[in-house]
Structures are given as C-alpha cells and as structure tokens.
Amino acid sequence: MHRVEETLLAGDATDVAPDLLGMYLALGDRLVQIVEVEAYTMDDPASHSFRGRTPRNSVMFGPPGVLYVYLVYGIHHCVNLVTGPEGDGQAVLIRGGIVAGLARTAADGPGKLARALGVDLSWNGRSAAVFRAGRAPAMGVIATPRIGISRAVDWPRRWVATGL
DNA sequence: CAACAGATTCTCT
DNA sequence: GAGAATCTGTTGT
C-alpha cells in the first residue's frame, strides 16, 4: 500500500472518480476503502461550484487532494475530495465505503460514511491521504444513475465498485 | 431580513 | 413510497 501522488488527483473529477474506487482514504485514525463515488464539476447544475465560488464551497476552488466537507439537510456531513487543476471547482463525493473494523453497512451512504469516520465541518480544508494497495482481482466498476439530487440526474457521473 | 431548496437518512406505512 | 429532522447558502423583498 503506497500513497497516491497528488498529481494523480489533479486530473478531471470525471476521470479521477472511477479511479478512486478500491483505493483507501486515511482520515484521522480510520481507514476506509472507497466503494462508491460521484464526480462534480462547475458545469454540473447539481454541483455546489456551479454558481461560482462562495464561502462554503471555496475549498473546491483550492488545490487538489484537499477535503471538502459540508453539511446537508442540517444533519449529515458529506466528504468530498477536491480534484482537477486549482481553481476549477471540481470534487469527487465519496458516497460509500468500507471502514476497517466496522460493519459493511456502517458507511454505505454519504452521510453514514462521514459519521462512521467521525468527519465533521472542522475537517473542511484539511489535506487528505489517499493510498492504493494491490488491485483487487475481483473488483469491477459500473456507472449508475445519480440519486438524491434534482438537477442533471441522468448525467453518468456516479460509479460503484463491485466484487470487493 | 425572510423565504426556500437541498450532493441524506431514518422511521413509519 | 412519504414525511420529519435541522441548518446553511442563495435569492428575493
């Protein structure tokens, strides 16, 4: 298992997102294998960066490899990984994963994943550590329709890993 | 300053 | 399948 270079995260979110599947994210003392992701870019009406830079989404316009954490519905936190060239407003939402030592259902949604990892708003802007282990032979990748949003729902920007 | 929609999840039905 | 919990950024008065 070795750390992923930051240059790898500087690619477009739509390219980086599926590549992140099967990789590991080290947050604090927890390790999570990424199973479900979704890419968000400035041209996406469902993206926080769509209407330009605001105090909340400013991290999305910073350098790649940084965490963008926000609160949705006043209750749940969502964890994103900033990607793309600095200033491009791109990020990959980590929608689901497998947390070492926890049940597989503990992080099977964006909000649940943040909770399982103990991530809250104070993590916004911190740089993330992404690791890659040997490729899982049985892993497959499928693209699926987006859910939980109301705009541009059909855009093929959500990916799920199978066989993990 | 007030109103409102929202990258969700859980609890019923 | 529908509704509540709960708060922030954005937009309109």
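Within every chain, numbering begins at 1; the chains are lettered A, B, ... in the order of the sequence lines, protein sequences first and strands thereafter.
Between A/R95 atom CZ and B/dT9 atom P there is a gap of 7 Å when expressed in whole angstrom units. The interatomic distance linking A/R56 (CZ) with B/dA5 (P) rounds to 15 Å, in whole Å. Residue A/R51 contributes atom CZ, which lies 13 Å from atom P of B/dA5 at whole-angstrom precision. Between the C1' atom of B/dA7 and the NE2 atom of A/H77 lies a distance of 15 Å, rounded to the nearest Å. Put simply, OH on A/Y70 is 17 Å from P on C/dC7, counting in whole angstrom units. Atom CZ in A/R158 sits about 11 Å away from atom C1' in B/dA7, given to the nearest Å. Per the geometry, CZ belonging to A/R115 stands 18 Å off C1' belonging to B/dA7, to the nearest Å. Rounding to whole angstrom units, OH of residue A/Y73 and C1' of C/dG9 are separated by 14 Å.
The partner of C/dT11 is B/dA2, judged by Watson-Crick or G-U wobble contacts that both fall below 3.5 Å. Nucleotide B/dA7 forms a pair with no other nucleotide shown, judged by Watson-Crick or G-U wobble geometry with both contacts under 3.5 Å.
Side-chain proximity of A/M60 to B/dA7, C/dT8, B/dT9: nearest is B/dA7. Comparing atom distances between the A/K112 side chain and each of B/dT9, C/dT8, B/dT8 picks out B/dT9 as nearest.
Stacking of the aromatic ring of A/Y40 onto the base of B/dA7 is found: the ring centres lie under 5.5 Å apart and the planes are inclined by under 30°.
Looking at A/D108 and A/K112, a side-chain N of the basic residue comes within less than 4.0 Å of a carboxylate O on the acidic one, giving a salt bridge. The existence of a salt bridge linking A/D44 and A/R146 is confirmed by a sub-4.0 Å separation between a basic side-chain nitrogen and an acidic carboxylate oxygen.
Under the 3.5 Å distance criterion, with hydrogens and angles disregarded, no donor-acceptor pair is assigned to the side chains of A/T14 and A/D12. Side-chain N/O atoms of A/T144 and A/R158 include a donor and acceptor closer than 3.5 Å.
Remark: A/S150 is in phosphate contact with B/dG6, judged by side-chain N or O atoms under 4.0 Å from OP1 or OP2.
Counting any heavy atom pair closer than 4.0 Å across all strands shown, A/I75 reaches a base atom.
Between A/H48 and A/Y40, the gap from one ring centroid to the other reaches at least 6.0 Å.
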